2 protein chains.
Amino acid sequence: MNDAGEGREPHKGSASLSPSQQDYLKQIFLLNDASQGATTQLLAERIGVRPASVTGMLKRLAEEGLVERAPYRAVHLTETGRRIAVEIVRHHRLLEAFLSRTLGYRWDEVHEEAEALEHVISERFEQKVAELLADPDRDPHGDPIPTRELALKEDEHLTTLALLPKGSRGTIRRVTLQDQDALNLVERLDLLPGRAIEVAGTHPDGISLLVGGSRFLVPALLAAHLLVDVAPHPSSAQPKTREGTGRPVAHEQ
Amino acid sequence: MNDAGEGREPHKGSASLSPSQQDYLKQIFLLNDASQGATTQLLAERIGVRPASVTGMLKRLAEEGLVERAPYRAVHLTETGRRIAVEIVRHHRLLEAFLSRTLGYRWDEVHEEAEALEHVISERFEQKVAELLADPDRDPHGDPIPTRELALKEDEHLTTLALLPKGSRGTIRRVTLQDQDALNLVERLDLLPGRAIEVAGTHPDGISLLVGGSRFLVPALLAAHLLVDVAPHPSSAQPKTREGTGRPVAHEQ
DNA sequence: GAGTTTGATTAGGATCGGCTAACTTTTTTC
DNA sequence: GAAAAAAGTTAGCCGATCCTAATCAAACTC
């Protein structure tokens, strides 16, 4: 008469996939989303495995109809694959918001924990958290949280700080970094989402910034990962210039 | 030059162990704790694998110094193994309390989710949750939560309802079941922890109970898993009779 | 205490997801 | 556009964890 609890709930569809498989789908999605092209090598770096392992896994995912793939080319998600990937991104960002707001995690601590939890929480957990936080639409890094229906709003009006010309004003909206040291630096410089900034000058090695009275240099590497809203105050009558040239470098969850 | 986030935090010692290994240790602990003796077969049932797999895993755990074992005998945990097991039990019960209190899970929903999360949360998560709940000492089923220092209070004064003689009065303190249907039944009968009861009579197939005015039969199978405190009201001058004969059947987290 | 039943172990495989080394294809360079 | 460099793939292997079938040990039965 003992049962010991089998697994049985099919959730939405992300069940039955191993955490590893989920990770691959997520990273393919994030790379494509950042218009980077999900190449074998980039995936290997993001996931932390060797390129050969990526090839192997992509074959398996292709067989299951989750990705489309031609040898030596970048992969793409099928509709099914995309749904699962977005689901996981939702888990991740919702968890980040939760860890930060409810459990009092520091800004730079949330990513790692969410990374572990995202593959494991149930549909119910997701819903309860969303409820508790009143359906948040941003995680602590400013990344948009996909809705329950898996719609993901894109931040078309955001620009990489690295590309802003001298004199621009704006508000930091997203910080697309996950490296602990880099996050610490961002925090020390007080460049968290919501911060109003002004570009005092551009240099080959970075951007000179005017923020809260003081002026300092943001290294180019960092600047590429700070996404700025250039029409922050409704007062400024700028009609959303739409400068979608350079690819935003974002690689993040 | 590829790093992409290895695992590195040694937590306390439960890190580096696979979820599967953690599960084996936990179940060995729980069985021994319930004075059941961790036999190959019982473990196989609890964990949901075949006996042959248990033998294999126990060998590996023995090599790592986590269990002590002689062929054809029940296993025991080493001190190291025990520490890890208790750590996981703490995770589990803390998570159950958290899911119930903070996220509003129903009483019978917490077990399954905690089962999945317990292997994945960090030391930090554990601490934050303990903090948020002000170091709870019971989970929703009444099971004691090991302290941060991994001390586990035993409920020596609790008796199985199944063994109570006619006329006994007491309070339900623990429900050591995990089967969903059984839990539902317990809830329908309103026999949750805290409930005051009185034994109206004993039968071979169960116990006749007087609770809240009404009288009904609790099947023996259920009764064995309801742990009762027989000296509930300080008013009743009963000097705690200490009938510690029969083994409490508990198998639970 | 011999035989039977029950429980545990061994042997041999399968699958998953990773790895290295060698090879192939694509891209870049001049 | 040929050679070199970079990226991707294949082949073969490993360890973890599970399985089934067959064998072995322990525990009851009478």
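If you're wondering where the values come from, they're calculated on a predicted model, not measured in any experiment. Throughout, a chain's letter reflects where its sequence line sits, starting with A, and its residues are numbered from 1.
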Report the distance from atom [atom1] of [X] to atom [atom2] of [N], rounded to the nearest whole Å.
X	N	atom1	atom2	answer
A/Leu43	D/dG8	CG	C1'	12 Å
B/Ile47	D/dT17	CD1	P	12 Å
A/Glu63	C/dG17	CD	P	12 Å
A/Leu61	C/dG18	CG	P	11 Å
A/Arg60	D/dT10	CZ	C1'	14 Å

Within the pair [X] and [N], is there a side-chain N or O less than 4.0 Å away from OP1 or OP2?
X	N	value
B/Arg50	D/dT20	yes
B/Ser20	D/dC18	yes
A/Tyr24	C/dG18	yes
B/Ser53	D/dT17	no
B/Ser18	D/dT17	yes

> For the atom pair NZ (B/Lys128) and CD (A/Glu109), what is the distance rounded to the nearest 0.5 Å?
Replying inline: 6.0 Å
Keeping [X] on the side-chain end and [Y] on the backbone end, is there a donor-acceptor pair under 3.5 Å?
X	Y	result
A/Thr160	A/Leu163	no
A/His225	A/Val175	no
A/Thr78	A/Gly65	yes
B/Ser100	B/Trp107	no

> Going 5' to 3' along nucleotides 1-14 of chain C, which nucleotides have protein heavy atoms under 4.0 Å from the base (write B), which only from the sugar-phosphate (write S), and which from neither (write -)?
Replying inline: ------BSBB----
> Given side chains that start at C-beta, do those of B/Leu117 and B/His91 come closer than 4.5 Å, heavy atoms only?
Replying inline: no
